[in-house]
Structures are given as structure tokens and as C-alpha cells.
Number of protein chains: 2
Amino acid sequence: MATGRTHRPATRSRGIPEATVARLPLYLRALTALSERSVPTVSSEELAVAAGVNSAKLRKDFSYLGSYGTRGVGYDVEYLVYQISRELGLTQDWPVVIVGIGNLGAALANYGGFASRGFRVAALIDADPEMAGKPVAGMPVQHTDELERIISDNGVSIGVIATPAGGAQQVCERLVAAGVTSILNFAPTVLTVPDGVDVRKVDLSIELQILAFHEQRKAGEEAAAAEAGTPPPIRSTAASRKGPDGEVPAVMPA
Amino acid sequence: MATGRTHRPATRSRGIPEATVARLPLYLRALTALSERSVPTVSSEELAVAAGVNSAKLRKDFSYLGSYGTRGVGYDVEYLVYQISRELGLTQDWPVVIVGIGNLGAALANYGGFASRGFRVAALIDADPEMAGKPVAGMPVQHTDELERIISDNGVSIGVIATPAGGAQQVCERLVAAGVTSILNFAPTVLTVPDGVDVRKVDLSIELQILAFHEQRKAGEEAAAAEAGTPPPIRSTAASRKGPDGEVPAVMPA
DNA sequence: ATGCCTTTGTGAACGCGTGCACAAAGATTG
DNA sequence: CAATCTTTGTGCACGCGTTCACAAAGGCAT
């Protein structure tokens, strides 16, 4: 769905793989911790452990940014912090708006991890007139009517959607129309956006469901390993619903 | 076939790619919406659009679960809802505990998406004695001292960590020692866990940093395009200030 | 300066995930 | 029953990301 000629030139000026970009914040956090402890240099191995990744991967990641290490020594912590920050665009100020000031929106507004990374909450916006003017995180909530003006006045290009699923798409469209080009979506909905707009999605319930899958798998293997006749080691509250078709084979490969 | 497949005959769960598992909740949500509208069947194409994925990918995903579709017709919505729910383990009750009842923990406690998916918040736990007994989401907060007993009594196998980074590893260890085998971590820290324990991480600030990277890249390309004579497709924000090199701006992560 | 030791940077192989394209399978119609 | 139409299920090729393994590069001691 393309509304404009937002055809981005495939000029991979910086051919940094997406997977690498996703890890840069991880490295940055680990490096910041080292910096606070006044550690001058780190090896790829040490840093990899701190960031929870493979050291070869880390070195390859850094090779995309340029080669900032010294063989036989490692990486200069301060220098690397700066380089990664610059690469991620954190050396500039990013005003963001949060739309939907419910429990989650309020939590996000209070979240300290934003300000320390160059993100500034420019405004809190909610559709409920009752909320208007109410202070959250030391900042008055503003009504949705003000959305366009706020974005324009503050030059906001990043929006956070924390509304219920129902209103997310509409909010999204207004944000985009007002000039926002990056959206962090917490609403459990697929957002449709024009080309040139980035959307990242965080769905708490999805994460839990993935955990449940693995949890079930673990329980199943445990049971299979213990073979039949052994009571389940972990008590499971059986509240199994039944499908409309009645019984279905439990675990049978096709 | 020359090389025999090493496909495990025991459980097909093992054969389901991780990427597919991560999409199952997405399909489930779309299917649930269809179910509520009493739509009897859906084609892979329709469902793919609703879930925001490619239809071929969706069909391949479903092929890992078994072939539940009917050629020429599509998929039975109700049946598929049940099959996916069962595969994800959502047909059973999953008691979870939330540790760290700050803004985020409270938001999670109030989050409606849990209960509707078979997750039940068994307890809210916080280290602050001041919090003990205080009701959050209609449920009294309990002190960390009770952690082991709560987990044992309720048969909790999934824990959610929403504490500050400093206390996360310790909480994690206590959870694991008490029997938790799946952890959803919101603390900005790498958790070290023994084999057999799954950890999924959600870091709000990381998501924003990734967005900032792309935003910066867009701004850079926009500038390049404008220089080439092409008008910028989307209004450029007044706040976007490019800092290629030179002095280090004051916005450095602390 | 020379040789040894450490650690980086990267070529190459491998595995996973994705998407295309099409044959097979079932529904539907005459 | 046969022809036609729709949609699934999947073989295959391709590209991305990961990991291994090692040569190159720098530091350091003698």
C-alpha cells in the first residue's frame, strides 16, 4: 500500500544488516556499563559475554561500522560508545509522543530508559477528555485534538501507540499524516502504513504465548522421558477446552 | 530423497521452526477476530492479509502443524483456532507471577491480553515492604519473601520480571530455583540462566533505538535526495539536525 | 630488532527462513 | 460423470545471518 512516491533509493550507503542494527543497542548498553566502571578497553570476547552474544558475531557486527578495534588489545570503550551512539542516531535529540495514556502509556511515560538514550517525551496524548490536563509523569496529558499541532510544533518524527487495539489504526493514520515516520506499536493490531514509514511492534501477550509453547514442549518431553505410568512432575491445572469437533489426537505426527 | 530426514518421530513440536512459532500468536489473533464475526472459513490469502504476512509463508507455517485446510475452500476458522491454541499450549491454564510492581509491572498486571489467552496472574511480587498489601489490579501485592512459597503453591512455571536492572538477575535466580522455567524479562539486563530455562526479553528503549537508526537513515537519504533535486516525500522535521562528525553532542547515554 | 603472544577482521561454509511457482486436491457446475 | 475453477501444500532456489577458523596485525618482552 503505497500512497506516495516514497521510493527509497536502494543506495545502501551503509549496508548494515538489520540483525546487526538490532544488536547495537545491546552492545551500547554493555559498553555504557563498562564506561561507568572506567574500564578503558574490552576484548570482543568480554563484551560478547556482557551483551549475551557470540564474539565472532560481535566482531562482524563492528566490522560493518568500520574497524575500530586494535589487534592484540581490543576496543576502546569510550570511542566505541560514541561510534555506536552516532550510528544509531542517539547523538541527536528525538522528540517522541505517546498516544494512549492508560496503564501502559503511563508506564512508558515514566520509563527512565528513554531520556537517557536521547529520547524526549514531547507530549502525552489521550482521546479521553477526562484525562486532559491530568498530570502524568510530571506532564499534562493533552487531548487527541491537539495531535497534529503538537507533532508539527515539536518536529516529532517518532510516535508511540499505546491505545486499545480498536483505535490504533486511526491514531496511526493521523500520526503519519501529521509527519511521523516511525511508530512503536503496543496495540495488538496489525498497522497498515504507507511506504517510508517504519513500524515496530511489541506485543506482550505474544511473547507470553511463545513462552507457553516452549513450556508445553518442555513438559511434554519431560513426560515422554519419564514414560507412561509416571505422574507429571509439574502439576498442571487442567482446564483444557474442547474443540467444536470433539476429540483431537494429542500428539500424533502426520 | 537421498538423505533421510532426521525428523524426530516422537513429537512434531520439535520440528516447528522458531520463526513459525513466533507467528502462531499472530494468526491466532486474526482468527479469533474472524471467529467473533462468525466467519466460518478463510483462505490463506485473506488470513495472511489480516495477520500481515505473506500467504505462502502462512501456508507453510500451517503445514508444520499438519494440513488442516481444504483445497478450493480454505481453512475452517474454529478448527484452526483450536489447533493453534493447542499447539501453543493455550488450552491449559498458565499461572504467572509478576515481579517488580512499578509502573510497568502495574501496567502488566492490568493488561487484559493475558487472561484472554489462558494466562492467569497468580501473584504480584515486589521487594518494597511499602507495597506489600497494596492492591494493584484488584490483587494485593506480596513481598519478595513470599516468592518461593507462591511459586510452589500455585505451580507457577512462567515468571515476568519488571524490576529495575539491578535486581533482575537475583530475582531471576530465585525464580529459577523455585521452579520457574520460562521468564519474560523487561529489565534492561542480560539474564544468565541454566539450560532448560527459556528467557524472552522485551526492551522498550532498544526498540526505540532501532527506530531512531532508521529515522536517521531516512533523514540522511532525504537530504541526499533533496540535494539531487528530488523534493522530499515527507516533510522533514525542523528538529532533525545531522551530526556527521566533529564535536560530540551533549546527548550521551549516561 | 626479533620472536612470541594476543586479539582482531574476515573469507568461506553452512543452515534457516522466505517467496515463487506449480501440481495436486477438492468443490462446484453442467 | 466430466470439466472447470479455486485454493492448498510444497519442491526449489535464493538470500540473509551465523559460525568457524585462520591469517594478519599490533603489543610486548627479551
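Proteins get letters first, then strands, A, B, ... in listed order; numbering begins at 1 in each.
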Any B:Val160 side-chain heavy atom under 4.5 Å of B:Val99 side chain
no
Do the side chains of A:Asp198 and A:Thr181 get nearer than 4.5 Å, heavy atoms only?
no
At 4.0 Å (heavy atoms only), tell me whether B:Phe62 reaches a base, stays on the sugar-phosphate, or touches nothing.
nothing
Applying side chain to side chain donor-acceptor pair (under 3.5 Å), can you list everything that pairs with A:Asp76, at least two apart in sequence or on another chain?
none
Check side chain to side chain donor-acceptor pair (under 3.5 Å) between A:Thr41 and all other residues, then give those that pass, not counting sequence neighbours.
none
Sub-4.0 Å heavy-atom contacts from residues 31-42 of chain B onto DNA chain C, ordered by number:
none
DNA chain C contacts made by residues 43-60 of chain A, counting heavy atoms under 4.0 Å:
A:Ser43, A:Ser44, A:Arg59, A:Lys60
Got a sec, which pairs hit side-chain hydrogen bond (donor to acceptor under 3.5 Å, both in side chains) with one end in residues 182-194 of chain B, sequence neighbours left out?
A:Glu215-B:Ser182
Assert: residue with more 5' nearest nucleotide on DNA chain D, out of A:Arg23 and B:Gly69, is B:Gly69
Show me the pairs that pass ring-ring contact (aromatic ring centres under 6.0 Å, His included) and involve residues 24-48 of chain A, at least two apart or across chains.
A:Tyr27-A:Phe62
Exam field: side chain B:Gln216 to backbone A:Glu87, donor-acceptor pair closer than 3.5 Å:
yes
Just by modelled atom types, is the A:Val81 backbone N or O under 3.5 Å from a matching donor or acceptor in the A:Ser85 side chain?
yes
Interatomic distance, A:Ile16 CD1 vs D:dC16 C1' [rounded to whole Å]:
16 Å
Check the distance between C:dG9's P and A:Tyr68's OH and give it to me in whole angstrom.
11 Å
Is atom CD of A:Glu18 surrounded by more than 12 heavy atoms (other residues, nucleotides or ligands) closer than 6.0 Å?
yes
Please confirm whether the shortest side-chain N or O distance from [X] to OP1 or OP2 of [N] is below 4.0 Å.
| X | N | value |
| --- | --- | --- |
| A:Tyr64 | D:dC16 | no |
| A:Arg71 | C:dT10 | no |
| B:Tyr75 | C:dG26 | no |

Select one nucleotide: of C:dA27, D:dT18, D:dG17, the one nearest the side-chain heavy atoms of A:Glu18.
D:dG17
